[in-house]
Amino acid sequence: MEVNVLNISGKETGAKVQLPESVFGIEPNDHAIYLDVKLYLANQRQGTHKAKQRNEIAGSTRKLYKQKGTGGARAGSIKSPLFNGGGRVFGPQPRDYSFKLNKKLKSLARKSALSYKAKDNNIVVLEDFTFDSIKTKNYIKLVADLNVTDVKTLLVLPAANNNVYLSSRNLKKTKVITADQLNTYDVLNAGKLLLTAGTVKTLEEALAK
């Protein structure tokens, strides 16, 4: 798939870049995408939730009233889960939600997500660029010139660029990452995927295996 390369003003440069079929043109695997997105979201969870059980509640263990003759249920302690302020039965405990996926499956999921974006013509390729200084208005102008101001965008750079990253950080609908940080969730969550010519080459080397 051949795509025109634009400059940061949204104008065609005359150059073209080939999106490799092995990365941007495969038959998407929806289940691989599901697993990789599930892994990403699981890794975002802190897992620090905690509820106290009856052995952790501060309170007397005195038997509240006699065992028989009250006509009510037997109660041995104010810390019983049946009482207000008592312990919780099978409450949440701190845990790690992460799980493991093999490298080939994660690679397949990323290529599937990229292929969906290419199929829907939601990939914009820019020439490699940088900003002279860290200014949010530089990035606002970039997305305005590309007509994607009202669309969630994901800009993938071949390597870290602080001027570009920090210029975009205050904007709600934008996200800037490097090629080695690419993940299935971010690709699918973006309305438009912005790549540079250098990023396409980097992704091809990393994923076309």
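These values consider heavy atoms only, across backbone and side chains, with no hydrogens, waters or symmetry-generated copies. Since the model is a prediction, treat every value here as computed from it, not as a measurement.
Here Leu105 contributes atom CG and Lys100 contributes atom NZ; the two are 10.5 Å apart, rounded to the nearest 0.5 Å. How far CG of Leu203 is from CG of Leu114: 6.5 Å, rounded to the nearest 0.5 Å. Put simply, CG on Asn183 and CG on Leu154 are 8.0 Å apart, with the number rounded to the nearest 0.5 Å. To the nearest 0.5 Å, atoms CZ (Arg169) and OG1 (Thr174) are separated by 11.5 Å. From Leu193, atom CG reaches atom CG of Leu155 across 9.0 Å, with rounding to the nearest 0.5 Å. If you take CG on Asn4 and NZ on Lys16, they are separated by 3.5 Å, rounding to the nearest 0.5 Å.
One hydrophobic cluster, built from ILVMFWY side chains closer than 4.5 Å, holds both Tyr65 and Ile78. Hydrophobic clustering keeps Leu19 apart from Ile26 (ILVMFWY residues linked when any side-chain heavy atoms are closer than 4.5 Å, directly or through intermediates).
Taking the centre of each ring, Phe131 and Phe129 come in below the 6.0 Å mark.
Glu12 has its side chain out of reach of Val5: every pair of non-hydrogen atoms, C-beta onward, lies at least 4.5 Å apart. No side-chain heavy atom of Val125 sits under 4.5 Å from any side-chain heavy atom of Leu6. The shortest side-chain heavy-atom distance between Val3 and Ile123 does not fall under the 4.5 Å cut-off. Using a 4.5 Å heavy-atom threshold, the side chains of Asp145 and Val143 count as separate. The closest side-chain heavy-atom distance from Tyr139 to Leu166 is not below 4.5 Å. Within the 4.5 Å cutoff, no side-chain heavy atoms of Thr48 are placed close to those of Pro94. Side chains of Asn138 and Lys141 form no contact here, defined as non-hydrogen atoms less than 4.5 Å apart. When side chains are defined from C-beta on, Leu194 counts as touching Leu146, because their heavy atoms get closer than 4.5 Å.
Summarising the geometry of Pro158 relative to Thr196, their closest heavy-atom pair is CD-OG1, 3.3 Å, with the distance given to 0.1 Å. Annotation for Ile57 and Lys79: closest pair O-CD, 3.0 Å, computed over non-hydrogen atoms. Taking both residues in full, the closest heavy atoms of Glu127 and Thr13 are given as OE1-CG2, 3.7 Å, listed atom of the first, atom of the second, then distance. Shortest non-hydrogen contact noted between Asn43 and Ser98 is OD1-CB, 3.0 Å. Closest approach of Ser115 to Pro28, counting heavy atoms only: CB-CG, 4.3 Å.
At least one donor-acceptor pair closer than 3.5 Å links the side chain of Arg110 to the backbone N or O of Leu182. At least one donor-acceptor pair under 3.5 Å links the side chain of Ser60 to the backbone N or O of Arg62. Lys63 places a side-chain N or O within 3.5 Å of a backbone atom of Ala75 that can act as its donor or acceptor partner. Side chain of Thr61 to main chain of Ser77: no donor-acceptor pair is present (N/O by atom type, distance under 3.5 Å, no hydrogens or angles). Between the side chain of Ser80 and the main chain of Phe83, no donor-acceptor pair closer than 3.5 Å is present. With hydrogens and angles ignored, the 3.5 Å screen pairs a side-chain donor or acceptor of Ser167 with a backbone N or O of Asn163. A distance-only check finds a donor-acceptor pair linking the side chain of Glu56 to the backbone of Gln53 [under 3.5 Å]. Counting only distance, with no hydrogens or angles, the side chain of Asp128 and the backbone of Gly198 share a donor-acceptor pair below 3.5 Å. Side chain of Lys117 to main chain of Ala190: a donor-acceptor pair is present (N/O by atom type, distance under 3.5 Å, no hydrogens or angles).
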Derivation and outcome, side-chain contact (heavy atoms from CB on, under 4.5 Å), residues Asp36 and Leu39: CA-CA 5 Å; Asp36 202 24; Leu39 175 66; 4.2 Å; yes
Side chain to side chain donor-acceptor pair (under 3.5 Å) assessment of Ser112 paired with Asn29: CA-CA 6 Å; Ser112 296; Asn29 186 311; 5.9 Å; no
From CA spacing to verdict: side-chain contact (heavy atoms from CB on, under 4.5 Å), Thr184, Tyr34: CA-CA 9 Å; Thr184 306; Tyr34 160 74; over 6 Å; no
Verdict with supporting geometry, Gln93 and Lys50, side-chain contact (heavy atoms from CB on, under 4.5 Å): CA-CA 5 Å; Gln93 299 294 314; Lys50 175 73 171 72; 3.3 Å; yes
Steps toward side-chain contact (heavy atoms from CB on, under 4.5 Å) verdict (Leu157, Val176): CA-CA 7 Å; Leu157 300 173; Val176 175; 3.7 Å; yes
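Shown here is Asn55, whose CG atom has more than 12 heavy atoms of other residues, nucleotides or ligands within 6.0 Å. The number of heavy-atom neighbours closer than 6.0 Å to CD of Gln46, taken from other residues, nucleotides and ligands shown, is 12 or below. Atom CZ of Phe90 has 12 or fewer heavy atoms from other residues, nucleotides or ligands within 6.0 Å. At most 12 heavy atoms of other shown residues, nucleotides or ligands fall within 6.0 angstrom of atom NE2 in His31.
Ion pair Lys175/Asp186 flagged as a salt bridge, since at least one NZ, NE, NH1 or NH2 atom sits closer than 4.0 Å to an Asp/Glu carboxylate oxygen. At a threshold of 4.0 Å, the pair Lys111-Glu21 does not count as salt-bridged, since none of the basic side-chain nitrogens sits closer than that to a carboxylate oxygen.
In summary, the side chains of Gln181 and Thr178 do present a donor paired with an acceptor at a separation below 3.5 Å, with no hydrogens or angles considered.
No option in Ile140, Thr153, Thr149 other than Ile140 meets the side chain to side chain contact (heavy atoms under 4.5 Å, CB included) test with Leu171.
In the hydrophobic clustering (ILVMFWY side chains linked at under 4.5 Å, chained through shared members), Tyr40 is joined by Ile33, Val37, Leu41, Tyr116, Tyr185, Leu188.
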